[in-house]
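Heavy atoms only: backbone and side chains are in, while hydrogens, waters and symmetry mates are out.
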Amino acid sequence: MTVKIWHNPRCSKSRQTLQLIRDHHVEPEVIEYLKTPPSAEELEDVLEALGMQPRELMRKKEACYEELSLGDPSLRRQDLIRAMIDNPILIERPVVLRGNRAILGRPPKIVLELLE
């Protein structure tokens with residue numbers, strides 16, 4: 001079964017997670033999500049697999065989180081998902097996917113659960 005990683009090569013946790021996967025003799029499909037953001041459907045699927053709401057997968061310390069007032073409780077789920085598509089830097093990383101399962105690689109070693 002294919003393993004995918006939503007990867008940001010500038011992020012140390014993302015690099016560590018990718019190396020950990022490779023150290024376990026798995027070559028994942030690497031998706032540089034800043035260059036190719038996920039679709040709304042892909043984000044919905046990942047949120048469901050993670051058991052998270054959109055804000056839980058957002059990097060709240062990114063400047064655009066505040067600039068776009070994404071903490072506003074009146075925003076709808078679709079608004080938050082659209083913000084992540086339009087500003088993929090908001091997506092917490094790395095997300096590792098295998099089948100219908102997903103794990104946020106923080107800390108990186110947690111992804112080993114998907115490789116078993």
Side-chain angles (χ1 to χ4, degrees):
M1 189 172 296
T2 302
V3 173
K4 297 179 183 181
I5 180 172
W6 288 5
H7 179 61
N8 178 350
R10 298 186 65 195
C11 170
S12 64
K13 295 290 184 208
S14 194
R15 289 192 311 269
Q16 289 170 17
T17 301
L18 179 57
Q19 189 58 54
L20 185 65
I21 293 168
R22 288 177 170 158
D23 288 349
H24 282 79
H25 310 290
V26 174
E27 186 54 43
E29 179 183 339
V30 178
I31 300 164
E32 288 192 35
Y33 68 94
L34 294 177
K35 293 180 182 176
T36 54
S39 67
E41 184 179 336
E42 288 170 317
L43 262 174
E44 286 284 8
D45 289 346
V46 165
L47 288 166
E48 183 177 331
L50 290 169
M52 291 181 168
Q53 294 300 314
R55 274 193 193 90
E56 294 175 284
L57 189 58
M58 291 178 128
R59 299 175 54 82
K60 295 171 186 70
K61 293 183 181 175
E62 290 295 333
C64 60
Y65 185 88
E66 193 169 317
E67 290 165 7
L68 297 171
S69 301
L70 295 174
D72 179 347
S74 70
L75 290 174
R76 298 171 305 154
R77 180 181 182 90
Q78 307 92 291
D79 298 327
L80 298 172
I81 288 172
R82 172 54 47 201
M84 286 191 276
I85 293 166
D86 292 344
N87 304 277
I89 192 71
L90 287 167
I91 300 171
E92 188 62 81
R93 71 253 180 183
V95 174
V96 180
L97 309 123
R98 184 175 186 199
N100 62 354
R101 295 174 60 208
I103 288 184
L104 183 59
R106 291 187 170 265
K109 67 181 180 180
I110 198 168
V111 302
L112 296 178
E113 294 175 22
L114 281 182
L115 304 181
E116 297 172 347

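A single hydrophobic cluster is seen to contain both Met52 and Leu90, as judged by linkage of ILVMFWY side chains at heavy-atom distances under 4.5 Å, directly or through other members. Linking Ile, Leu, Val, Met, Phe, Trp and Tyr whenever their side-chain heavy atoms come within less than 4.5 Å puts Leu70 and Tyr33 in one cluster. Transitive grouping of hydrophobic side chains (ILVMFWY, heavy atoms separated by less than 4.5 Å) keeps Ile103 and Met58 in distinct clusters. In the hydrophobic clustering of ILVMFWY residues, with side-chain heavy atoms under 4.5 Å counting as a link, Leu104 and Ile81 come out together.
By the neighbour-count criterion of 12 heavy atoms within 6.0 Å, atom CD of Glu27 is densely surrounded, having more than that number from other residues, nucleotides or ligands. Applying the 6.0 Å contact sphere to CD of Glu56 captures more than 12 heavy atoms from other residues, nucleotides or ligands.
The shortest side-chain heavy-atom distance between Glu66 and Lys60 does not fall under the 4.5 Å cut-off. Side-chain contact between Val3 and Leu97 is absent, with no heavy atoms from C-beta onward closer than 4.5 Å. Residues Pro38 and Met84 are not in side-chain contact: their nearest non-hydrogen atoms beyond the backbone lie 4.5 Å or more apart. Proximity of Leu18 to Pro28: side-chain heavy atoms (C-beta onward) are separated by under 4.5 Å at one or more points. Side-chain contact between Val95 and Ile5 is absent, with no heavy-atom pair separated by less than 4.5 Å. Side-chain contact check for Glu48 versus Leu50: every heavy-atom pair is 4.5 Å or farther apart. Considering only heavy atoms from C-beta on, Val46 comes within 4.5 Å of Trp6 through its side chain.
Remark: Leu43 CG to Leu80 CG distance equals 11.0 Å, nearest 0.5 Å. Interatomic distance, CZ of Arg10 versus CD1 of Ile89, reported as 8.0 Å (0.5 Å rounding). Of the inter-residue distances, the one linking Glu67 atom CD with Asn87 atom CG reads 9.0 Å to the nearest 0.5 angstrom. If you take CD1 on Ile85 and CD on Glu41, they are separated by 10.5 Å, rounding to the nearest 0.5 Å. Rounding to the nearest 0.5 Å gives a distance of 10.0 Å between CG of Asp86 and SG of Cys64. Once rounded to the nearest 0.5 Å, the distance linking CG of Leu114 with NE2 of His24 reads 12.5 Å.
Shown here are the side-chain contact (heavy atoms from CB on, under 4.5 Å) partners of Ser74, two or more places apart in sequence or in another chain: Asp72. Listed by chain and residue number, Arg76 satisfy the salt bridge (charged side-chain N to carboxylate O under 4.0 Å, His left out) test with Asp79 (two or more places apart in sequence, or in another chain). Evaluation of the salt bridge (charged side-chain N to carboxylate O under 4.0 Å, His left out) rule for Glu62 yields Arg59 as partners, not counting sequence neighbours. With sequence neighbours left out, Arg15 forms a salt bridge (charged side-chain N to carboxylate O under 4.0 Å, His left out) with no residue at all. Scanning for salt bridge (charged side-chain N to carboxylate O under 4.0 Å, His left out) contacts around Lys35 gives Glu32, with sequence neighbours left out.
Contact between Ser14 and His7 at its shortest, heavy atoms only, is OG-ND1, 2.6 Å. Shown here for Leu75 and Ser69, the closest heavy-atom pair between the two residues is CD1-O, 3.4 Å.
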Going by atom type alone, with no hydrogens or angles, which donor-acceptor pairs under 3.5 Å involve a side-chain atom of residues 105-112 and a protein atom two or more places apart or on another chain?
from, atom 1, to, atom 2, distance (Å)
Arg106, NE, Glu92, OE2, 3.0
Arg106, NE, Arg93, O, 2.7
Arg106, NH2, Arg93, O, 3.4

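Between Glu113 and Arg101 there is no salt bridge, since no side-chain N of the basic residue sits under 4.0 Å from a carboxylate O of the acidic one.
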Using the side chain to side chain contact (heavy atoms under 4.5 Å, CB included) rule, take Glu44 and Arg77 through it: C-alpha gap first, then chi angles, then the decisive distance, then the call.
CA-CA 10 Å; Glu44 286 284 8; Arg77 180 181 182 90; 2.8 Å; yes
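The main-chain N or O of Lys13 is never found under 3.5 Å from a side-chain atom of Gln16 such that the two would form a donor-acceptor pair.
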